[in-house]
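Contents: one structure, followed by commentary.
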Amino acid sequence: MSAPAQPATGDLRLYRRLLTHVLPYKWVFALAIGGMLMVSAGDALIAVMLKPIIDTGFVDRDQAFIQLVPLLLVLVGGTRAAGTFIDAYCMTWVARRVIQDLRQNMFERLIRAPVAYYDRHSSGRLTSRLTFDVERIAMASTGVLRTLIRDAFKMLFLLGWMFYLSWQLSLLFTVILPFAYIVFKLSSRRFRKINEKVQETVGDITHTAKESLQGQNLIKIFGAHEYQSLLFLRANNRNRQKIMKAAVVAAASVPLMVLISGMGVAGVIWVALQLDITPGTFTSYLAAMIMTTKPVRSLSEINLAIQSGLSGAKSVFKIIDLEPEPDPGKEVLTTVAGNIQFDGVSFDYGQRGKPVLKDISFAMPAGGTVALVGASGSGKSTIASLLLRFYAPTAGRILIDGRPLESVTLKSLRDHIAIVTQDIILFDDSIRHNIAYGGSGALDDAKLKQAAEAANVMEFAADAPNGLDTLIGERGVRLSGGQRQRIAIARALYKDAPLLILDEATSSLDSRSEMHIQDAIARLVENRTSLIIAHRLSTIHHADLILVLDKGRIVQHGSHAQLLAAPGVYAKLHELQYRGRGQVEAAAAAVTAANAAR
C-alpha cells in the first residue's frame, strides 16, 4: 500500500526544487500575492454584499443604504481591477525570469557536456527540451501558484462567509471534498505518465523536422519528399494520439469534479429550504456556494498543469544536473613546445570487445608533421579526439611536453590547439566574426586581416558586398566549399596555436580549390606541431612521419618515400589514387579537345 506514495514524494521534491528558482524574485512574487488577495477579497465581497442588498435594500427599503450601494460596488470593482493588474503583471514577470534562468542554465550545461553525451542524444531532441519543455515549466512554477493562491484564498473567504451564515449547510457542503480528492489523485497519476510520452513525441517531431530541413537539398535530389513526409506524419500522429489521451483524462476529470460539486449544491439547497433563514442570507449563501465552483474547477484543473509542468521539469533538470566534461587536470599550460607522445593507447566507445584503437604508439616532435592514413573507421579521427581530450583512453597514456595529458586543465590544453576539419562549422554571422571566433580577448583587426590574407580569404571577401563584414548565412550557405575551408584556416591562423589538427581538410574540394587550400595550409603548418588526417595522399608528401592505420592498429610508418618503396597498404592506396586521378584527367583532356574541335 505504500508504493503509490512514492511518485507523490518524488513530485513534491521536484516541485520544491522548481520553486527554489522563484525564491530570488520573492519580493515581486509577494507583490503578486497582494494582488491575488485583492482579487479574492473582491470576489468574496460580492457574495457578502448580497445579504444586506436583499435584506436591507429590497426588503427593508433603507434609503441611506440604497444610496451607498453603487459606491460600495464601484469600490469593490476598482479594488479587484487593481489587484488583477498587479497579479497578472508581477506573476508574468517572475515566470519569464524563471524561464530565462532555467534556459540559460540548460544551455550552459549543454555546451559544457561531454562529447559522449552528444553521441547518445540527438540535437533535435535537445533543442526541443531547451525550447518546449522549459516553457511548460512557466505554468507549473508561477501560473499554478497564481491559481492556487488566488483561488485558495477565494475558497477560504467564501467558506468562512458560508460558515458564518450557516454552519449546518456548510458541513453538508464539505462532505463532497473527499470525493473530489479521489478524482484529483487518480487523474494526476495518469496525466503525469501521458505527459512524459507527449514530451518524447515532441522531441521526435523536432528531430525529424531538423534533419529534413537541414537535408532539404538531398531530399530534392533523390525525390525523397514522400518518404520524409511519411516519417514526419508518423511522428506528428504519435504526438496527436498522446495529446488526445491527455485530453481524455482532462475531459473526464473536470466534469466529474463539477458533477460532485453540483450534487453538493443540490443537497445544500434542499436542506436550506427546511431551515428558517432570511431571503438575503439564503441568496448570499447560495451565491457564495455557486462562486466556489469556479475555484474548485480551477483547483482541479491545476493538477493537469502541475503534471505537465513536472514532466517538463523532469527533463529540464536532467540537463541542468549534467556533469560537465571531466577535468581532473590542475596544471595550467602557459607555453607549449609541441612534443606529443602516444604511448600504448587503446580506446573503445563503451562497446566492450569492439576497440577502435589498439596499442597506438608514436611521437610528434615539436614543429614536426605527422600524417594519419587509412580507410574509414580505422581510427584516424579518434586519435585527434583523444588529443583534444574529447574522450579519455581506455589504456595507455598521451603526453604533451612530457606531462600526462589528463594532468593539465582542459581550457589551457585546448587554448594551444587549433583545428580545421572537413565538416566546417561556421556561424550565421559575418566573415570577420567567424575568423575572430578562434581568438580570445579583444578583436585584433590587424592580426585578423593578416590571417585572412594568409588563408586567401581576401580573394573572395574583397568582392563581397560588405567585405569581411558580409554575412555568410547558416553554416556558411552563401559560400562555396573552398571558401568555407579558407575561413576555417584563417580562424586557425588567427588563433595562432602551437598545435594543429587538420582532419581531411581538402577531401571534398575540386583541384582548383585544393590549390588555394594547400597554399593556405602550407602557411598554417609553419612552425607548428601538426597532426594531419589525410584522404588525398598528395597532401601529405611533406609529412615527417606517415602512420598507416588499419582496424585500429598502426600497420606501417615512415616517410612518403620510405612507404612508397616498401610493399604494403600505403603503396596500394597511392597507386589506386593516382590511377584514378590519371583517368579523370585523361577524360577531361578528351572533352576539352572535342570542344575545341567543334
Side-chain angles (χ1 to χ4, degrees), residues 11 13-32 88-146 195-196 198-200 202-203 205-207 209-210 214 305-327 390 409-411 414-415 425-430 433-434 436-443 474-475:
D11 288 355
R13 191 182 301 114
L14 187 62
Y15 200 73
R16 282 175 178 169
R17 182 178 180 185
L18 185 56
L19 292 183
T20 61
H21 292 271
V22 179
L23 288 178
Y25 313 109
K26 55 182 176 292
W27 297 116
V28 180
F29 185 68
L31 190 60
Y89 179 81
C90 291
M91 287 304 283
T92 301
W93 188 90
V94 172
R96 298 325 302 176
R97 290 303 297 261
V98 169
I99 294 305
Q100 178 185 333
D101 293 346
L102 287 173
R103 188 172 279 151
Q104 189 69 29
N105 287 343
M106 290 174 70
F107 182 77
E108 290 178 2
R109 287 290 185 173
L110 284 172
I111 61 176
R112 288 173 173 79
V115 172
Y117 179 78
Y118 291 93
D119 294 340
R120 302 188 303 270
H121 298 84
S122 73
S123 58
R125 290 186 177 88
L126 293 177
T127 303
S128 174
R129 291 183 183 181
L130 191 62
T131 54
F132 175 72
D133 288 0
V134 76
E135 283 291 339
R136 296 169 71 183
I137 293 178
M139 185 59 192
S141 61
T142 54
V144 163
L145 288 176
R146 180 187 183 192
N195 256 286
E196 290 177 357
V198 169
Q199 285 179 243
E200 292 177 8
V202 171
I205 288 175
T206 307
H207 175 67
K210 185 174 181 180
Q214 288 180 342
I306 288 174
Q307 296 305 319
S308 175
L310 289 180
S311 296
K314 189 175 180 181
S315 65
V316 165
F317 287 131
K318 275 184 180 178
I319 292 178
I320 291 177
D321 291 338
L322 275 178
E323 291 293 331
E325 281 185 288
D327 188 10
F390 287 159
T409 63
L410 272 176
K411 185 179 186 310
R414 292 172 184 171
D415 280 346
I425 303 297
L426 298 178
F427 297 94
D428 189 4
D429 206 331
S430 65
H433 286 148
N434 271 282
Y437 201 81
S440 58
L443 191 150
E474 185 178 4
R475 295 180 66 90

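- Annotation: side chain of L23 is not in contact with side chain of F29 (no heavy-atom distance under 4.5 Å).
- Between Y25 and D101 there is a side-chain heavy-atom pair separated by less than 4.5 Å.
- D133 has its side chain out of reach of I319: every pair of non-hydrogen atoms, C-beta onward, lies at least 4.5 Å apart.
- Legend: salt bridge (Lys or Arg N to Asp or Glu O under 4.0 Å) pairs involving residues 103-112, not counting sequence neighbours, sorted by first then second residue: R103-E135.
- Side-chain contact between I99 and R96 is present, with at least one heavy-atom pair separated by less than 4.5 Å.
- Summarising the geometry of E325 relative to A113, their closest heavy-atom pair is CG-O, 3.9 Å, with the distance given to 0.1 Å.
- With a 6.0 Å radius and a threshold of 12 heavy atoms from other residues, nucleotides or ligands, F107 has its CZ atom at or below the threshold.
- Taking F427 as the reference, Y437 meet the ring-ring contact (aromatic ring centres under 6.0 Å, His included) condition, with sequence neighbours excluded.
- Residues E323 and Y117 are not in side-chain contact: their nearest non-hydrogen atoms beyond the backbone lie 4.5 Å or more apart.
- Contact annotation: the side chain of N105 approaches that of H21 to within less than 4.5 Å [non-hydrogen atoms, C-beta and beyond].
- Side-chain contact between L18 and L102 is present, with heavy atoms from C-beta onward closer than 4.5 Å.
- One distance of note links CD of Q104 with CG of L130; it measures 9.5 Å at 0.5 Å rounding.
- Across L410 and P326, no two heavy atoms sit closer than the pair CD1-O, 3.8 Å.
- A salt bridge links D321 with R17; the closest basic N to acidic carboxylate O contact falls under 4.0 Å.
- In this structure, CE in M106 is found 12.0 Å from NZ in K318, a value given to the nearest 0.5 Å.
- Of all the heavy atoms in D327 and T409, the pair that sits closest is OD1-CA, 3.6 Å.
- A donor-acceptor pair under 3.5 Å is formed between the side chain of Y118 and the backbone N or O of L110.
- In plain terms, the two heavy atoms of H433 and S430 that are nearest each other are N-OG, 3.2 Å.
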